[in-house]
Amino acid sequence: MKLDWNTEALSPGQFKIADYIQKNSQTVLFSTEQEIADALGLSIASVSRFWRTVGFKNIKDFKTKLRSQLDVTPAAKMKNIMDKADASPLPQQFLATTMRHLEETLTHYSADSFEAAVTALTSAKRIYIYGPGPSAGLTELLHYRLGRFGLSIHRLDRGGSEMFEDLLHLGEEDLVVLFGFVRLLPEAKVIVDHAKETGYRTLLITDRLVANFSDQCDITLFASRGETWEFHSMIAPTFIVENLIVAVGMRNQDDHLRKLNELNQLRKKYAHELPR
């Protein structure tokens, strides 16, 4: 369920509350202000002030509105009980967490945004990817797979002021794919801001449903990685990236299959010189 917030009026702490409620709307129906505050590491006063900021009298008023828009499922009730139970053995626990991340990702999936992302990737003159730190694996996956289709794709590897050397070459027909988990790094903020002047498009893959940087990008895709205090899984972001790769491959299928066939022929031709 998508909740409409007036994000311009929110403080950093209130962004955190809004994002938590957006991701856990079923659970919030059963939560007290103290439980929400404890989950986020905030004061109960901060949670209490939040409701008026977003247009409600108090938490009771918010829950009344939420109930009118949201069916409380038996699964949600059971989850609330299970959360208080002892943890399962690690493999089962991790599997359950993974399923929750994928379910949350699909709950907030936007077909329009996904199609816009595929169109942007297939129509861009050049594709640049910025994904440092834990996003490096996703950057490599995109670069490797999309490169096979003959797309002009480049990594933005340099950080700090050295990135300006790369930004010089971006034009209005280009696309920059960014990974913004929890927050945007300073380099990513510069990329997004520079796009307004230069005209290239930006595609953001993020784990934030409510953030002050989401609306600054042309296209935003959500992938759940868990709350800020949890182990941050990359399974859902990988799920989104792999779906993008398959969808891009299905566009201009004949051209892309021809490229893959050419790759296979090269492998056969030079198998002795460059064995796999």
Side-chain angles (χ1 to χ4, degrees), residues 102 105-106 108-158 163 166-181 184-185 187-209 211 213-225 234-263:
L102 291 172
T105 298
L106 289 174
H108 299 286
Y109 168 79
S110 166
D112 290 341
S113 295
F114 184 84
E115 286 301 312
V118 175
T119 298
L121 287 164
T122 54
S123 62
K125 182 177 180 180
R126 291 169 300 192
I127 301 167
Y128 293 86
I129 313 174
Y130 179 70
S135 306
L138 298 175
T139 298
E140 184 62 30
L141 179 61
L142 263 180
H143 184 271
Y144 179 73
R145 294 294 185 186
L146 294 184
R148 282 185 164 186
F149 298 143
L151 301 179
S152 177
I153 186 161
H154 313 271
R155 301 183 194 86
L156 292 173
D157 290 329
R158 292 187 278 195
M163 176 173 280
D166 295 317
L167 295 185
L168 279 175
H169 306 292
L170 271 66
E172 61 182 11
E173 296 180 81
D174 297 330
L175 171 73
V176 179
V177 181
L178 306 104
F179 294 97
F181 296 133
L184 281 188
L185 295 176
E187 289 86 349
K189 291 180 180 179
V190 170
I191 291 170
V192 172
D193 187 69
H194 186 56
K196 299 172 186 175
E197 178 182 341
T198 307
Y200 56 81
R201 306 195 73 200
T202 52
L203 163 58
L204 173 68
I205 299 175
T206 182
D207 59 350
R208 300 292 94 180
L209 282 167
F213 53 79
S214 297
D215 295 337
Q216 297 176 31
C217 296
D218 295 296
I219 308 163
T220 301
L221 298 178
F222 170 75
S224 173
R225 295 199 312 149
M234 299 301 281
I235 290 178
T238 302
F239 172 78
I240 290 293
V241 167
E242 290 190 330
N243 273 273
L244 284 173
I245 292 166
V246 172
V248 168
M250 292 176 69
R251 299 271 184 101
N252 304 319
Q253 251 183 70
D254 292 340
D255 288 342
H256 295 156
L257 288 175
R258 178 173 52 81
K259 288 291 183 184
L260 292 177
N261 285 329
E262 289 176 4
L263 174 61

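Because only heavy atoms are used, hydrogens play no part in the values below, and waters and symmetry mates are left out as well, while side chains stay in.
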Going by heavy atoms in the side chains, are Cys217 and Val192 under 4.5 Å from each other?
yes

Heavy-atom side-chain contact between Ile191 and Met163 under 4.5 Å
yes

Asp207 CG to Met234 CE distance, which is reported to the nearest 0.5 Å:
8.5 Å

Do Thr198 side-chain atoms and Tyr200 backbone N/O form a donor-acceptor pair below 3.5 Å?
no

Using a 3.5 Å distance criterion without hydrogens, assess whether the side chain of Ser113 forms a donor-acceptor pair with backbone atoms of Ile219.
no

Would you name the heavy atoms of Ala117 and Leu221 that are closest together and state the gap between them?
CB-CD1, 4.0 Å

Check whether any side-chain N or O of Thr220 sits under 3.5 Å from a backbone N or O of Leu204 as a donor-acceptor pair, and report yes or no.
no

All ring pair (Phe, Tyr, Trp, His ring centres under 6.0 Å) counterparts of Phe222, not counting sequence neighbours:
His108

Show the nearest heavy-atom pair for residues Ala188 and Leu184, with the distance to one decimal.
CB-CD2, 3.9 Å

I need the Ser152 OG to Leu175 CG distance, nearest 0.5 Å.
11.5 Å

Taking side chain as C-beta onward, heavy atoms only, is Leu167 less than 4.5 Å from Val190?
yes

Residues Ile205 and Phe181: closest non-hydrogen pair is O-CE2, 3.8 Å

So how far is it from Lys189 NZ to Gln216 CD, rounded to the nearest 0.5 Å?
8.5 Å

Show every donor-acceptor pair shorter than 3.5 Å between a side-chain atom in residues 132-144 and any protein atom, with sequence neighbours excluded, or say none if there are none.
{"unit_1": "Thr139", "atom_1": "OG1", "unit_2": "Gly131", "atom_2": "O", "d": "3.3"}
{"unit_1": "Thr139", "atom_1": "OG1", "unit_2": "Ser135", "atom_2": "O", "d": "3.2"}
{"unit_1": "Glu140", "atom_1": "OE1", "unit_2": "Arg155", "atom_2": "NE", "d": "3.2"}
{"unit_1": "Glu140", "atom_1": "OE1", "unit_2": "Arg155", "atom_2": "NH2", "d": "2.8"}
{"unit_1": "Glu140", "atom_1": "OE2", "unit_2": "Arg155", "atom_2": "NH2", "d": "3.3"}
{"unit_1": "His143", "atom_1": "ND1", "unit_2": "Arg155", "atom_2": "NH2", "d": "3.3"}
{"unit_1": "Tyr144", "atom_1": "OH", "unit_2": "Arg148", "atom_2": "NH2", "d": "2.9"}

Could you give the distance from CZ (Arg251) to CG (Leu121), rounded to the nearest 0.5 Å?
9.5 Å

Side-chain contact test, heavy atoms from C-beta onward, threshold under 4.5 Å: evaluate it for Phe114 versus Leu244 and give yes or no.
yes

Of all the heavy-atom pairs spanning Arg126 and Asp174, show the shortest one and how long it is.
NH2-OD2, 2.8 Å

Out of the candidates Val177, Asp166, Leu178, only one should pair with Leu156 under the side-chain contact (heavy atoms from CB on, under 4.5 Å) rule; please name it.
Asp166

The reported gap from CD1 in Ile129 to CG in Leu203 (rounded to nearest 0.5 angstrom) is 10.0 Å

Spacing of CD1 belonging to Ile240 relative to CD1 belonging to Ile245, to within rounding of 0.5 Å
11.5 Å

Worked check of side chain to side chain contact (heavy atoms under 4.5 Å, CB included) between Val241 and Phe179:
CA-CA 11 Å; Val241 167; Phe179 294 97; 4.0 Å; yes

Taking all non-hydrogen atoms of both residues, which atom of Thr105 and which atom of Ala236 are closest, and how far apart?
OG1-CB, 3.3 Å

Should Asp255 and Phe149 count as side-chain neighbours, where that means a heavy-atom distance under 4.5 Å?
no

